[in-house]
Amino acid sequence: MSELLLRAGEWSDVTPESAGWSNLSFRVARAPFSGAAEGEEVALVVLDGRGSVEACGQRWELGGRATVFDGMPWALYLPLGSSYRVEGDAEVAVCGARCERAREPVVVGPEDVEIEVRGAGNATRQINHIVKPEFPAERLLVVEVYTPSGNWSSYPPHKHDEDRPPGEVVLEETYYFRTRDPAAFAVQRLYSPPHGLDLTATVRGGDLLLVPFGYHTTAAAHGYDLYYLNALAGERRSMAAADDPSLAWIRKAWAELELDPRVPLVRL
């Protein structure tokens with residue numbers, strides 16, 4: 001469990017080498033800080049506060065939400081080989097993926113983020129698409145997910161560890177959790193019969209889950225809404241995933257349920 005579930009305060013950054021996978025990296029830093037996209041493309045996602053970023057001979061002003069629960073995100077995509085400096089008071093998630101070709105920097109403002117309401121009943125949740133498959137990146141994908149208290153997300157449990165397009169593609173993934181209160185928690189399950197893995201654990205704000213393979217799903221404890229940031233990386237510009245066959249029937253049952261009126265939890 002300790003290799004896949006990293007507790008708040010006990011990790012600083014994840015690299016392909018430390019995770020034992022091919023492409024994805026992830027860290028969280030508070031401005032001011034500097035970095036370099038060496039051998040990778042990077043998305044800087046502002047979690048809270050405001051900041052300015054200097055890179056590629058340009059300067060961008062980003063941010064504005066007090067916490068992840070108080071507004072839509074700002075992000076900046078930086079291409080392979082970029083050196084950057086972040087100033088201000090912003091806390092920033094640095095999502096990276098190895099790549100071969102340099103593209104152009106792209107700023108993503110709140111108005112650029114697509115909101116998707118997914119599921120129904122107590123599986124209703126909000127997905128904010130920051131770096132979508134259509135985005136001009138090579139391997140990197142980034143989304144935010146908001147789950148109201150007592151609800152399930154990433155449901156039905158799904159996996160993306162086999163290359164069987166268009167229904168499933170291989171994606172490495174991280175889950176970075178945030179809650180409104182230190183007392184809040186969620187329950188995370190990650191399981192893979194072929195790999196002999198069945199992990200069910202309590203997760204709290206600041207924890208990080210690595211998903212190299214297996215079905216996964218999350219439930220927010222009653223009383224507190226849950227946020228997590230997903231960074232993903234793969235060879236295909238797709239987020240296609242395969243549901244656990246024993247639970248896939250649930251999608252049809254949603255047609256008989258109402259959406260949770262609390263969603264979307266954040267909006268423009």
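Keep in mind it's a predicted model, so treat the numbers as computed, not measured. Reckoned from all heavy atoms, side chains included, excluding hydrogens, waters and symmetry mates.
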For residues G71 and Y146, report the shortest heavy-atom separation together with the two atoms involved.
O-OH, 3.8 Å

How close do V46 and G63 get, heavy atom to heavy atom, and via which atoms?
CG1-CA, 3.9 Å

Counting N and O atoms only, with roles assigned by atom type, does the side chain of [X] sit under 3.5 Å from a partner on the main chain of [Y], one being a donor and the other an acceptor?
| X | Y | result |
| --- | --- | --- |
| R237 | L140 | yes |
| R139 | A137 | no |
| R125 | T147 | no |
| E114 | N128 | no |
| N151 | T124 | yes |
| E144 | Y228 | no |
| E168 | E162 | yes |
| R30 | D89 | yes |
| S154 | T217 | no |
| E258 | A120 | no |

Minimum side-chain heavy-atom gap S52-V86 below 4.5 Å:
no

Does the gap between the ring centers of Y176 and F26 come in under 6.0 Å?
yes

Taking CZ in F213 as the centre, count heavy atoms belonging to other residues, nucleotides or ligands within less than 6.0 Å. Is the count above 12?
yes

Kindly check if the number of other-residue, nucleotide or ligand heavy atoms within 6.0 Å of CD (Q58) is above 12?
yes

As a quick check of understanding, evaluate salt bridge (charged side-chain N to carboxylate O under 4.0 Å, His left out) for R85 and E54, giving each step before the final call.
CA-CA 5 Å; R85 175 72 178 173; E54 292 187 2; over 6 Å; no

Say whether [X] and [Y] are linked into one hydrophobic cluster, either directly or through other cluster members, by side-chain heavy-atom distances under 4.5 angstrom.
| X | Y | answer |
| --- | --- | --- |
| F135 | L76 | no |
| L24 | Y77 | yes |
| V211 | W152 | no |

For a quick check under 3.5 Å, do E172 and H160 share a side-chain donor-acceptor pair by atom type?
no

Any chance the side chains of Q188 and Y175 put a donor and an acceptor closer than 3.5 Å?
no

Do D225 and R180 meet the salt-bridge criterion of a basic N to acidic O distance under 4.0 Å?
yes

What verdict does the side chain to side chain contact (heavy atoms under 4.5 Å, CB included) test give for T218 and Y155, after you've listed the backbone C-alpha separation in whole Å, the side-chain angles of each residue and the deciding distance to 0.1 Å?
CA-CA 8 Å; T218 313; Y155 209 85; over 6 Å; no

Under the salt bridge (charged side-chain N to carboxylate O under 4.0 Å, His left out) criterion, do R98 and E40 qualify, and how do the steps go?
CA-CA 4 Å; R98 284 179 172 159; E40 64 178 1; over 6 Å; no

